[in-house]
Amino acid sequence: MTDKRKFHTVRGVRDILPPDSSLWNWFEATARDVLESFNFREIRLPIFEETELFARSVGAETDIVSKEMYTFHDPLDVDQAIKSVLGHGLDPTRAHLGSSAPASASQIWDFLNKFESLTLRPEATASVARAYIEHGMQTQPGLVKLYYAGPMFRRERPQKGRYRQFYQIGAEVLGTSDHPAIDAELIEMLTVLLERCKLGNWTLLVNSIGDPNCRPAYVELLREELRKVKDRLGQDSLRRVETNPLRVFDSKVPEEQAIIANLPKITDHLCDACRQHFDDLRRQLDLRSISWTHEPRLVRGLDYYMRTTFEITSTHLGAQNALAGGGRYDGLVEMLGGPPTKGIGFALGEDRFIEVIQAAGQISAASVGRPLDAFIVWMGSESYLAAVRLARRLRQEGLCVEMPAQELKVGKALNLADRLGARHAVIVGEEELLTGQFSVKRLFGRREIRTLPGDQKKLSEAELLEYLRGSGKH
RNA sequence: GUGAGCGUAGCUCAGUGGCAGAGCAUCGGACUGUGGCUCCGAGGGUCGAGGGUUCAAAUCCCUUCGCUCACCCCA
């Protein structure tokens, strides 16, 4: 008896199939090209890290860390941990309590959590900071400019533009300088990528959320103001007044919008240094002809952000309309045990970029995918050998070639070539073996005008190569 | 975690108490050295799953699972 159960992807993750994968590959290649043109270099990072890294950098109280991470324990490590405890004559199920009471499952879990706890990365800035410290990159000349690409994991309910395994490309600038020109150039880089993707319907939002000098006082002010109107706030906002007043700005409750609009703006309460930095940033954007909108409500969710925050939004997406977001995080590296370091970066959502590129319709999988240059039609065992050799030769020359494994009737073969989207059919049969000339037939797509006859010519192998290479470019 | 909508063939869907259907797609034939068109045919289903009502359930009721969108939050 075989189990007939069908396997399927788990919630929130998905397969990316051809032809869509062509568009993904194009996008990634384009992004790499743009980022490297700004002298960013790729850093390849692990998919999982110590849980503690994310807890410390992203913030233990954030949604990401408190409820969205995929955390697990390496069985070997757990085994070792238990043995080491037993070796000290301790019962692992009781040792943590210091009493003889049996431990509950959750207490045991908490105990094991003290040992190697690993987490699938929910974002990658923490990993970059870790790598920067681990490899002593502060000794490198100039700024350290890195980019990464790959999947991230967050356990959220999926919806349009949001997945549990999603893909990000991010760029980070680390070093001793926090000059606003760095921030502006990073944003400029994003706009170049948007142009390369032929996207028009996007908006750049910028803000400054101050630094440890000025933000605490502002947060307190905000809390005071919110308490005055607390009877008009919803449950979510009410809770945030105490936990994290800045988050009230994220509320989408219609009744609260008027209240939010009247709240004091953080940019009116920046210290001199932060104000200067924000003013300079906007000047730097202006001199690059990048249009921006000051969005005082833009407060990013991760604890490590300070001063500059920015976001690119698109009208083509649903509720999850952020294509990319980022900001400055000057204290992060030091907080993780590294040298005092300035830093800024962004992450862009590949899933969302692809969505918007498809909606814009300027670039498609069909237009960037690799075409099938030739389909080889062969007849009889003698022509098969010649066909195999021809296929190898054409492929060596960089052409994409398909050849049926079994002999097909000519009509069938051409029909298949057509449906596969081949640009040419090359016929190898008795006649061609005798003359040394291959019959090449130009194929037209199913949608093209049918009255055009496929022009057919007889060419030697050398001529054939030339012909296929020449007509491949359009 | 919460709410709403939706689950019938590979895809898009019709069928609202009486034999499980259509279009597209796939495969074969008409058509053994020349494609798209046309025509003919075939395969493909636990009607998401489980239970209940009924002579009879894809259809009505209950439960459950899944998907989608939205909230929360973020890329």
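So that the names make sense, note that chain A is the first sequence line, chain B the second, and so on, each numbered from 1. What you are looking at is a predicted structure, and each value in this text was computed from that prediction instead of being measured.
Put simply, CZ on A:Arg442 is 17 Å from P on B:G35, counting in whole angstrom units. For the pair A:Leu414 CG and B:G33 P, the computed distance is 12 Å after rounding to whole Å. We find that CG of A:Asn415 is positioned 9 Å from P of B:U26, with the value rounded to whole Å. A:Leu246 places its CG atom 17 Å from the C1' atom of B:C72, with the value rounded to the nearest Å. What separates CD of A:Glu355 from C1' of B:U68 is a distance of 13 Å, to the nearest Å. Distance CD (A:Glu156) to C1' (B:C72): 9 Å, rounded to an integer number of Å. In this structure, the CZ atom of A:Phe444 is 12 Å from the C1' atom of B:G36, given to the nearest Å. Rounded to whole angstrom, the span from the CD1 atom of A:Ile64 across to the P atom of B:C72 amounts to 16 Å.
Side chain A:Gln320 to base B:A70: no donor-acceptor pair is found below 3.5 Å. Contact of A:Glu432 with B:G33 (side chain to base): a donor-acceptor pair of N or O atoms is detected under 3.5 Å. Counting atom types as modelled, A:Arg154 pairs a side-chain N or O with a base atom of B:A75 as donor and acceptor under 3.5 Å.
Nucleotide B:G17 forms no Watson-Crick or G-U wobble pair with any nucleotide shown, as no partner meets the under 3.5 Å limit on both distances. Pair assignment for B:U53 gives none, since no Watson-Crick or G-U wobble pairing has each distance under 3.5 Å. Pair assignment for B:C27 gives B:G41, based on Watson-Crick or G-U wobble hydrogen-bonding distances that are each under 3.5 Å. Using Watson-Crick or G-U wobble geometry with both donor-acceptor distances under 3.5 Å, B:G3 finds its partner in B:C69. Under the Watson-Crick or G-U wobble criterion, with both distances below 3.5 Å, B:U32 is left unpaired in every strand shown. A 3.5 Å limit on both hydrogen-bonding distances identifies no Watson-Crick or G-U partner for B:U59.
Contacts of A:Ala322 with the nucleic acid, taken as non-hydrogen atoms under 4.0 Å apart, involve only primed sugar atoms and P, OP1 or OP2. Contact annotation for A:Phe375: no contact, since no heavy-atom pair falls under 4.0 Å across all strands. Counting any heavy atom pair closer than 4.0 Å across all strands shown, A:Glu431 reaches a base atom. Contact annotation for A:Glu350: no contact, since no heavy-atom pair falls under 4.0 Å across all strands. Within the nucleic acid shown, A:Gly325 comes within 4.0 Å of sugar-phosphate atoms alone, with no base atom in reach, counting heavy atoms only. Residue contacts shown for A:Leu323 are limited to sugar-phosphate atoms, with no base heavy atom under 4.0 Å away. Across all strands shown, A:Asp351 has no heavy atoms under 4.0 Å from either base or sugar-phosphate atoms. Note on A:Arg157: a base of the nucleic acid sits closer than 4.0 angstrom, heavy atoms only. Backbone-only engagement by A:Gly318 is indicated by non-hydrogen atom pairs under 4.0 Å involving sugar-phosphate atoms exclusively. Residue A:Arg11 is in sugar-phosphate contact alone, with no base atom involved, counting any heavy-atom pair closer than 4.0 Å across all strands shown.
One finds no side-chain N or O of A:Lys441 lying less than 4.0 angstrom from the OP1 or OP2 phosphate oxygen of B:U34. In this model, the phosphate group of B:C74 is approached by a side-chain N or O of A:Arg247 to a distance below 4.0 Å at OP1 or OP2. Taking side-chain N and O atoms only, A:Gln159 has a distance below 4.0 Å to OP1 or OP2 of B:A70. For A:Arg419 and B:U26, the shortest distance from a side-chain N or O to OP1 or OP2 is below 4.0 Å.
For A:Leu443, the listed nucleotide lying nearest its side chain is B:G35; candidates were B:A75, B:G35, B:U34. In this structure, the nucleotide among B:G33, B:A75, B:C74 sitting nearest to the side chain of A:Asp250 is B:C74. Among the nucleotides B:G29, B:U34, B:A75, the one closest to the side chain of A:Lys412 is B:G29. Closest to the side chain of A:Asp418, from the set B:G35, B:G33, B:A75, is B:G35.
Rounded to the nearest 0.5 angstrom, A:Ile169 CD1 and A:Leu35 CG are separated by 7.5 Å. Atoms CD and CG, from A:Glu355 and A:Leu23 in turn, are 11.0 Å apart once rounded to the nearest 0.5 Å. In this structure, A:Thr308 OG1 and A:Phe278 CZ are separated by 7.5 Å, a value rounded to the nearest 0.5 Å.
Looking only at atom types and distance, the side chain of A:Thr125 has a donor-acceptor partner in the side chain of A:Glu172 under 3.5 Å away. Remark: the A:Thr119 side chain and the A:Thr71 side chain contain an N/O donor-acceptor pair separated by less than 3.5 Å.
Straight-line distance between the P atoms of B:C40 and B:C6: roughly 37 Å, to the nearest whole Å. With C1' as the reference atom, B:G17 and B:C47 are 15 Å apart, rounded to whole Å. The separation of B:U8 from B:G15, taken at their C1' atoms, amounts to 9 Å, rounded to a whole angstrom. B:A4 and B:G43 have their C1' atoms separated by 39 Å, with the value rounded to a whole Å. A distance of about 32 Å separates the C1' atoms of B:G44 and B:G52, rounded to the whole Å. Taking atom C1' on both B:C55 and B:G3, the two are 41 Å apart, rounded to the nearest angstrom. B:A57 and B:A20: their C1' atoms are spaced 13 Å apart (whole Å). Across the C1' atoms, B:C62 and B:G18 are found 24 Å apart, a figure rounded to whole Å.
Remark: A:Glu61 CD is loosely packed, at most 12 non-hydrogen atoms of other residues, nucleotides or ligands lying under 6.0 Å away. Heavy-atom neighbours of A:Arg389 CZ from other residues, nucleotides or ligands within 6.0 Å: at or below the threshold of 12.
Comparing A:Tyr305 and A:Val10 by the nucleotide of RNA chain B whose heavy atom lies nearest to each, the residue mapping closer to the 5' end is A:Val10. Heavy-atom nearest nucleotides on RNA chain B were determined for A:Pro158 and for A:Ile312, and the one closer to the 5' end corresponds to A:Pro158.
Listed for the A:Asn321 side chain is no donor-acceptor partner under 3.5 Å among the backbone atoms of A:Thr313.
Stacking is found between A:Phe166 and the pyrimidine-like six-membered ring of the B:A75 base under the 5.5 Å centre-distance and 30° plane-angle cut-offs.
A salt bridge links A:Arg44 with A:Glu42: at least one charged nitrogen is closer than 4.0 Å to a carboxylate oxygen.
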